[in-house]
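Atoms within a ligand are numbered from 1 in the order they appear, just like the ligands themselves. What you see below is based on every heavy atom in this structure, not just the backbone, and it leaves out hydrogens, waters and symmetry mates.
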Amino acid sequence: MLVLGIESTCDETACAIVRDGKEILSNVVSSQIDLHRQFGGVVPELACRLHVEALLPVLEQALDEAKIPLEHIDLIAVAHGPGLVGALLIGVNAAKSLSYALQKPFVGVNHIEAHLYGALMGQEQWPKFPTLGIVLSGGHTSLVIMHEVGRYEVVAQTVDDAIGEAFDKVAKLLGLPYPGGPEVEKLALEGDPSTYPFKPGRVKKSPLDFSFSGLKTAVLYATKEHTNLSNSDKANICASFQETAFTDVVNKAVKAAEKYHCKALVFGGGVTNNKRLKALFAEKAPTLQTIWPPPGLSLDNAAMIAGLGYHNFIRHGPASLDLQAITRFPYWTE
Ligand code: KG4
Ligand code: ZN
């Protein structure tokens, strides 16, 4: 089955062609980052306009690279949330229009669930379920028991900022460009993580949940200790912040894996690009199998949408033209 994936939840316009949920024939991403960078973050209005402009050229490129004519597509899969409402509507309406014009079925895909599926796409053989899904992105921070593809239980979430958002905000405080994650990682390499004794966020009565807003405020106070922040002050702040946030993630993930009898960890979301995060898991959780997204599937992309769309279609059949863009998913539906 040839699936066309469409992704437009935030600031990437992406299309991909994937065969049978696994074999990636093309994976085209048009990023708007250069434009949003001058505003220090994503401007929703601009994002929508750029999705409209980019979608058809990106679709054409995805078909060209896969050497598949549009009429040979069997299914269209679109990320219908969570994300920015205007941005989502463009992908959702493109999928509906294509479905109607080509008389081919379409399905909606949960973008966050697709991030976890992206890691599985790189595996010859899937791990034994249940596994622990770890979502670390710009909008979400969750620990999820994956009973199988399509059946999940969320066991921990952030109560305030997402971890990627915290990286972006810390970068902004330090005058670093958007998106902040890669900048903080780079600068942290030159810093000493023990300079600032930052504390991870604790959530009363929910020991596995995350909170990053206190840590972010601690970083703000650290910046105020200096009248003029030198590069090495910034590097020490980045290293201390990153180490505190990631140690918290590793500790809670290990606890959750133990509690819910998971032997493998499946990672998703842009923050999982970070090398220090990978090193910390290798160091502190050596007995757990770790499954990271392969290159091209960690940041927002449409291959993960097409891949998971295939499974959604097999499980639930096609969506109807009533499919809505959903900015926030209250929980992961079956
Ligand atoms: O998954 P993603 O592409 O988009 C969302 O669905 O949110 O994640 C983007 C987030 C941004 O907050 C970005 O700063 C962060 O991932 N990020 C990183 C790294 N690369 C991207 N955070 C830490 N270290 C990185 N190397
Ligand atoms: Zn994402």
Check each atom of ligand 1 against the heavy atoms of Gly138 and keep those under 4.0 Å away; list them by number with element.
5 (C), 7 (O), 8 (O), 9 (C), 10 (C), 12 (O)

Below 4.0 angstrom from a heavy atom of Ser137, which ligand 1 atoms are there? Numbered from 1 as shown, please.
1 (O), 5 (C), 6 (O), 7 (O)

Find all atoms of ligand 1 within a distance of less than 4.0 Å from any non-hydrogen atom belonging to His115, and give their numbers and elements.
1 (O), 6 (O)

Contact check: His140 to the Zn ion (ligand 2), N/O/S below 2.8 Å:
no

Once you measure the plane-to-plane angle for Trp292 and Phe267, does it fall in the parallel (<30°), tilted (30-60°) or perpendicular (>60°) bin?
parallel

Which atoms of ligand 1 are found less than 4.0 Å from any heavy atom of His111?
6 (O)

When you measure from atom 12 (O) of ligand 1 to each heavy atom in Asp168, Val271, Val170, which option holds the nearest one?
Asp168

Between Leu299 and ligand 1, is there a nitrogen or oxygen pair with a distance under 3.5 Å?
no

What atoms in ligand 1 come closer than 4.0 Å to a heavy atom of Glu185?
25 (C), 26 (N)

If I take atom CG from residue Asp11 and atom SG from residue Cys48, how far apart are they, to the nearest 0.5 angstrom?
11.5 Å

Check whether any heavy atom of Gly269 sits under 4.0 Å from an atom of ligand 1.
yes

For ligand 1, which atoms, with element, lie under 4.0 Å from some heavy atom of Pro182?
19 (C), 20 (N), 21 (C), 25 (C), 26 (N)

Given the options Leu25, Leu59, Asn27, Ile17 meets side-chain contact (heavy atoms from CB on, under 4.5 Å) only with Leu25

Whether His111 has an N, O or S atom under 2.8 Å from the Zn ion (ligand 2)
yes

Mind telling me whether His115 and His111 have parallel, tilted or perpendicular rings, with 30° and 60° as the class edges?
perpendicular

Can an N or O of Glu12 be found at a distance shorter than 3.5 Å from an N or O of ligand 1?
no

Enumerated ligand 1 atoms positioned under 4.0 Å from heavy atoms of Gly139:
7 (O)

Distance, nearest 0.5 Å, that separates CD1 of Ile237 from CD of Gln242
13.5 Å

Assess the side chains of Asn110 and His80: does a donor N or O sit below 3.5 Å from an acceptor N or O?
no

What atoms in ligand 1 come closer than 4.0 Å to a heavy atom of Gly164?
12 (O)

Can you find an N or O of Phe246 that's nearer than 3.5 Å to an N or O of ligand 1?
no

Take atom NZ in Lys22; do more than 12 heavy atoms of anything else shown fall under 6.0 Å from it?
yes

Check whether any N or O atom of Asn274, backbone or side chain, sits under 3.5 Å from an N or O atom of ligand 1, and answer yes or no.
yes

For the 3.5 Å polar cut-off, considering only N or O atoms, please tell me whether Phe167 and ligand 1 meet it.
no

